Every structure is written in C-alpha cells, then in structure tokens.
Amino acid sequence: MVIVETEAYLGVSDRAAHTWAGRRTARVEPMWGPGGRAYVYRIYGIHHCLNVVTRREGVPEAVLIRAAVPERWWMGEKVARSALLEASGPGRLCRALGITAALSGAPLSGGGLELRRGPGRGFVVATGPRVGVDYAGEAASWPLRFAVDGCEAVTARRSLRRPPAS
DNA sequence: TGCAAGATTTTC
DNA sequence: AAAATCTTGCAG
C-alpha cells in the first residue's frame, strides 16, 4: 500500500495527543520510546489506529497513518472501488492490514511491519486541521494533516487546502 | 471499583 | 444525524 494521508501529533504540548502534558501510561509507552516503531491503540472500543513514532527516546511525537491506496492504483492501474477505499480511514487501514494493538511497539522494519519510502511522483500535498480533535482547543486548528491532493481515498477532503500556488 | 469520553465507521 | 461498542484514564 502507498500512504496518502497522515496527521502529526506533537508530544506533550499538543492537547490532541495522547501524550499531552506528559501523560505516560502503559498504552502510550511506545510513543516515549525510540522512533521507527509503531504505536497502535484501540479507539471507540472497535477500531485500531496506527502511528509511526518519529523522534528519539523521550520525545513522544508520532504520525497517525490515516489512509493508503494499493500500489497498483498508485502506478496507474485500475482497481475496484472497494479495493481503492479498503484502507481509507485509520480504522479501515488497520483492518485491511491486519494491524492490532498487539503490534504496538513493534519496529517498522523486520518486525512483521515494513515501512519504506514510496514512489514519489510530483503529487501535491494538501494540508488542513486534524480530524476528530475538536476538544483540543487551539491545537484543533493546527494544520497538521497532510494528504495527497485530490486522492479519493483521502478522508474529510472538504477541510483540506492546497498549498499557495507557485 | 466505577464511569465518562473518545485521533471512527456504518447505517438509518 | 445517531448508534455501535469497549478500552483507557481519572475520580473517588
């Protein structure tokens, strides 16, 4: 799959982050570990969400993976609409990839998960506020969501903006 | 030990 | 627009 939508969560100063104000519980422990590992949590009792821990040990920042598309579609081939949207949304993405909380803390290479640089091809990255964090006060308006502009598998496209024309 | 709320998805 | 569904975190 090729990741097409992400959100950043900025450690202890980000009210929308699970590690806001230095929270450190068993659930978020992988966030506090070294980068390059997964942080997976269950949400609403039903779904799972996958994050990539990004910083060094002790700095709990991560990127939430919200949507991905099949490589074949990304390379221009046609795929069924159901397949295109199979990993659209953080919960569906985890279900499509078989990711559960059991993988929280696992390395993103060699540990059952494989994350690598995708085929970058002159796409436009749109930005906007993060989804579902209205409770986070000012942080709710921070433009920390990033997505491939115009991609149908990207969620909540209404709130996304293209970068200023160059 | 109990309860309110949630980084969502699906259906009415 | 609202339910489904249950874990986490915090209060007591």
Side-chain angles (χ1 to χ4, degrees), chain A residues 1-70 73 79-108 113 115 118 125-149 151-161:
Chain A
M1 308 286 290
V2 176
I3 295 169
V4 294
E5 181 184 357
T6 63
E7 284 178 0
Y9 284 85
L10 303 182
V12 300
S13 57
D14 178 357
R15 202 170 168 189
H18 289 166
T19 49
W20 178 63
R23 283 177 169 73
R24 184 165 187 167
T25 62
R27 179 179 62 147
V28 301
E29 191 56 34
M31 291 273 296
W32 292 88
R37 301 226 266 239
Y39 164 49
V40 184
Y41 62 91
R42 183 180 285 279
I43 186 170
Y44 300 135
I46 314 170
H47 309 285
H48 292 277
C49 291
L50 169 66
N51 297 256
V52 173
V53 180
T54 53
R55 305 291 302 276
R56 67 176 185 276
E57 191 167 357
V59 183
E61 300 186 4
V63 171
L64 170 67
I65 310 301
R66 291 189 53 88
V69 295
W73 182 86
V79 304
R81 182 178 180 79
S82 59
L84 173 59
L85 300 180
E86 183 186 20
S88 174
R92 273 208 288 259
L93 182 140
C94 282
R95 192 186 57 178
L97 296 177
I99 292 171
T100 69
L103 283 172
S104 196
L108 289 165
L113 294 172
L115 178 69
V125 176
T127 64
R130 293 172 291 182
V131 173
V133 296
D134 296 339
Y135 61 88
E138 184 195 343
S141 65
W142 296 349
L144 291 179
R145 188 155 68 104
F146 306 90
V148 174
D149 188 49
C151 178
E152 195 178 0
V154 171
T155 64
R157 294 195 290 283
R158 302 175 299 263
S159 62
L160 291 172
R161 299 292 147 72

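Computed from a prediction, not measured in an experiment: that's the story for all the values here.
Using a 4.5 Å cut-off on side-chain heavy atoms (C-beta onward), A:Arg145 and A:Glu5 make contact. A:Leu144 places none of its side-chain heavy atoms less than 4.5 Å from the side chain of A:Glu7. Taking 4.5 Å as the limit, every side-chain heavy atom of A:Val69 sits out of range of all side-chain heavy atoms of A:Val79. You'll find the side chain of A:Leu97 stays beyond 4.5 Å of the side chain of A:Leu113, heavy atoms only. Considering only heavy atoms from C-beta on, A:Asp149 stays 4.5 Å or farther from A:Leu160 through its side chain.
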Canonical and wobble pairing (Watson-Crick, G-U, under 3.5 Å) of DNA chain B, dot-bracket with |: ||||||.||||.
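Separating the CZ atom of A:Arg15 from the P atom of B:dG6 is a distance of 11 Å, rounded to the nearest angstrom. Rounded to whole Å, atom P of B:dT8 lies 17 Å from atom CG of A:Leu85. Rounded to an integer number of Å, the gap from A:Met31 CE to B:dA7 P is 12 Å. Between A:His48 atom NE2 and B:dT9 atom P the separation is 13 Å, expressed in whole Å. Note: CG (A:Leu64) to P (B:dG6) measures 17 Å, nearest angstrom. When the P atom of B:dT8 is taken as reference, atom CD1 of A:Ile65 falls 14 Å away, rounded to whole Å. Between A:Tyr9 atom OH and B:dG6 atom P there is a gap of 13 Å when expressed in whole angstrom units.
Listed for the A:Arg15 side chain is no donor-acceptor partner under 3.5 Å among the backbone atoms of A:Glu138. No donor-acceptor pair closer than 3.5 Å links the side chain of A:Thr54 to the backbone N or O of A:Gly35. Without hydrogens or angle criteria, A:Arg157 side chain to A:Glu152 main chain gives a donor-acceptor distance under 3.5 Å. Side chain of A:Asn51 to main chain of A:Tyr39: a donor-acceptor pair is present (N/O by atom type, distance under 3.5 Å, no hydrogens or angles).
Note that CZ of A:Arg66 and OG1 of A:Thr155 are 3.5 Å apart. Values are rounded to the nearest 0.5 Å.
A sub-4.0 Å separation between OP1 or OP2 of B:dA7 and a side-chain N or O of A:Tyr135 is present.
Applying the 3.5 Å distance criterion, the base of B:dA7 shares a donor-acceptor pair with the side chain of A:Tyr41.
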Under 3.5 Å, which N/O atoms of the protein pair with N/O atoms of nucleotides 10-12 of chain B?
unit_1	atom_1	unit_2	atom_2	d
B:dT10	OP2	A:Arg92	NH1	2.1

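Counting any heavy atom pair closer than 4.0 Å across all strands shown, A:Arg42 reaches sugar-phosphate atoms only and no base atom.
A nucleotide of DNA chain C counts as in contact with chain A when one of its atoms lies under 4.0 Å from a heavy atom; the first and last such, 5' to 3', are C:dA4 to C:dC10.
The only member of A:Val12, A:Asp14, A:Val28 that meets side chain to side chain contact (heavy atoms under 4.5 Å, CB included) when paired with A:Pro60 is A:Val12.
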